[in-house]
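One structure below.
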Amino acid sequence: MPELPEVEALAGYLRQRAVGRRVDRLEIAAISALKTYEPAPTEVAGRAVVDASRHGKFLDVLFEGGLHLVVHLARAGWLHYREAFPSTTPLRPGKGPIAVRVRLDDGSGFDLTEAGTQKKLAAYLVTDLAAVPGVAKLGPDALAADLPTFTERLRSRRGQVKGVLTDQSVLSGVGNAYSDEILHAAKLSPFAITDRLTDAQLATLHAATRQVLGDAVERSLGQRAAELKGEKRSGLKVHARTGLPCPVCGDTVREVSFADSSLQYCPTCQTGGKPLADRRLSRLVR
Ligand SMILES: [Zn+2]
């Protein structure tokens with residue numbers, strides 16, 4: 001699932017490659033992906049790409065005249081930049097993984113794709129960013145937040161730190177993968193309760209957030225957009241590494257499973273050597 005670092009890198013790539021180019025055509029292949037009716041996709045044709053940026057995990061492509069294409073890539077969405085398209089024939093709706101195609105005046109452009117059968121990618125064409133529900137309620141950016149802001153936001157919500165850190169209205173940009181990495185770097189249990197964290201623990205968590213996200217942005221920025229996904233995996237220490245040794249202490253990375261997700265952590269680094277209860281497993285044992 002693309003999070004802050006990957007989306008930042010995609011925006012950076014679009015700034016380099018697409019800004020200044022004019023749109024030939026915006027094609028919607030997955031009708032359900034486009035969440036807005038007005039302005040119509042045909043309104044984008046002829047406009048130059050002015051900027052590309054990020055709001056939390058949302059990608060924002062700005063066209064001349066103040067029109068934004070805002071995209072949430074969800075779990076399996078991605079952006080593929082094409083130097084050329086195989087054909088000028090418009091995409092046929094409902095075929096394949098391509099949800100949206102943007103053709104530019106130099107023959108290049110990009111596809112927004114979504115793998116798998118669960119279609120959650122969401123695209124919005126708006127003149128006002130506040131019209132995108134997910135963007136309107138975003139908290140401060142997780143990478144940009146200073147220590148006082150970070151502390152205030154984390155303490156504003158009582159709950160398990162993993163859940164609070166990934167709540168986009170508390171801080172924006174962090175998802176399941178980078179929260180595992182940040183908590184590992186901060187040596188905190190994912191189940192630690194936010195309002196019991198000391199000032200020192202919050203300062204460590206803030207530093208870990210900036211370090212982990214900053215490193216991941218740097219790794220991603222040097223990559224071509226098409227290669228970013230692979231790069232994300234190679235930099236991770238605990239996320240998606242269940243059963244493998246922790247690169248910091250050598251203990252075995254463990255996992256807690258939920259209905260439709262899981263978290264990974266290192267017991268020695270994060271929970272005083274004690275494995276966390278896996279509710280699903282303990283129910284089976286009982
Ligand atoms: Zn460890």
Side-chain angles (χ1 to χ4, degrees), residues 1-6 57 75 139-140 142-143 145 147-216 219 231-286:
M1 186 185 304
E3 299 178 29
L4 183 155
E6 291 80 32
K57 296 187 270 184
R75 271 199 185 191
L143 186 55
L147 179 58
T149 306
F150 186 89
T151 300
E152 185 273 314
R153 295 309 297 157
L154 264 283
R155 285 195 171 140
S156 73
R157 197 72 50 91
R158 185 181 191 276
Q160 294 175 343
V161 64
K162 163 97 179 171
V164 174
L165 203 53
T166 53
D167 181 334
Q168 300 302 296
S169 65
V170 173
L171 286 170
S172 60
V174 176
N176 194 36
Y178 287 104
S179 58
D180 281 351
E181 294 300 303
I182 289 165
L183 292 168
H184 177 254
K187 300 195 182 301
L188 273 180
S189 165
F191 293 163
I193 302 297
T194 48
D195 67 357
R196 288 186 211 144
L197 295 177
T198 63
D199 287 348
Q201 283 176 316
L202 280 165
T204 303
L205 185 60
H206 175 248
T209 300
R210 295 179 78 126
Q211 183 78 46
V212 166
L213 295 178
D215 285 355
R219 275 202 309 273
E231 177 57 21
K232 174 178 168 180
R233 277 273 148 94
S234 74
L236 303 181
K237 293 191 169 73
V238 287
H239 184 74
R241 297 190 74 250
T242 306
L244 295 170
C246 166
V248 172
C249 72
D251 193 2
T252 303
V253 172
R254 288 179 179 257
E255 169 172 301
V256 179
S257 300
F258 305 97
D260 62 349
S261 69
S262 62
L263 67 79
Q264 285 85 38
Y265 68 101
C266 166
T268 296
C269 288
Q270 295 175 257
T271 57
K274 274 182 271 175
L276 295 168
D278 187 325
R279 290 209 186 100
R280 191 191 52 166
L281 284 177
S282 46
R283 208 181 304 135
L284 287 175
V285 171
R286 237 181 274 145

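- In this structure, Glu152 contributes its side chain and Pro148 its backbone to no donor-acceptor pair below 3.5 Å.
- Between Leu276 and Ser189, the closest heavy-atom pair is CD2-OG, 3.8 Å.
- Under the 3.5 Å distance criterion, the side-chain polar atoms of Ser172 are left unmatched by any main-chain donor or acceptor of Gln168.
- Taking all atoms of both residues into account, the shortest heavy-atom contact from Arg241 to Pro247 is NH1-CD, 3.7 Å.
- Side-chain contact check for Lys187 versus Val248: some heavy-atom pair is nearer than 4.5 Å.
- Between Val161 and Leu205, the closest side-chain pair of non-hydrogen atoms falls below 4.5 Å.
- The shortest side-chain heavy-atom distance between Pro5 and Arg219 does not fall under the 4.5 Å cut-off.
- For Asp199, the salt bridge (charged side-chain N to carboxylate O under 4.0 Å, His left out) partners are Arg155, not counting sequence neighbours.
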| task | Evaluate the criterion side chain to side chain contact (heavy atoms under 4.5 Å, CB included) for residue pair Gln201 and Leu188; output intermediate values, then yes/no. | result | CA-CA 8 Å; Gln201 283 176 316; Leu188 273 180; 3.8 Å; yes
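- Interatomic distance, Thr149 OG1 to His206 NE2, rounded to the nearest 0.5 Å: 8.0 Å.
- Looking at residues two or more places apart in sequence or on another chain, you find a side chain to side chain donor-acceptor pair (under 3.5 Å) between Lys162 and Asn176, Ser179, Asp180.
- Looking at Leu236 and Tyr178, their side chains come closer than 4.5 Å, going by heavy atoms from C-beta outward.
- Side chain of Glu3 to backbone of Ala177: a donor-acceptor contact under 3.5 angstrom is found.
- Residues Pro140 and Arg153 share a closest heavy-atom pair of CD-NE, 3.7 Å.
- Residues Ile193 and Gln160 meet the side-chain proximity criterion, which asks for heavy atoms closer than 4.5 Å.
- Between the side chain of Gln264 and the main chain of Ala240, a donor-acceptor pair closer than 3.5 Å is present.
- Here the straight-line distance linking atom CZ of Arg75 with atom CG of Asp260 works out to 5.0 Å at 0.5 Å rounding.
- Evaluated for a side-chain contact (heavy atoms from CB on, under 4.5 Å) with Leu143, the options Thr209, Leu213, Val212 yield exactly one hit, Leu213.
- In terms of heavy-atom proximity, Val253 sits nearest to Lys237 at CG2-O, 4.2 Å.
- Between Ser262 atom OG and His239 atom NE2 the span is 6.5 Å, to the nearest 0.5 Å.
- Looking at Leu263 and Glu255, their side chains never come closer than 4.5 Å, going by heavy atoms from C-beta outward.
- Remark: Asp195 CG to Leu197 CG distance equals 8.0 Å, nearest 0.5 Å.
- Within the 4.5 Å cutoff, side-chain heavy atoms of Leu171 are placed close to those of Leu154.
- Nearest heavy-atom pair, Arg157 versus Asp167, reported as atom, atom and distance to 0.1 Å: NH1-OD2, 2.5 Å.
- Among all heavy-atom pairs drawn from Val174 and Leu165, the shortest one is CB-O, 3.7 Å.
- Residues Tyr265 and Cys246 have side chains not in contact (no heavy-atom distance under 4.5 Å, counting atoms from C-beta outward).
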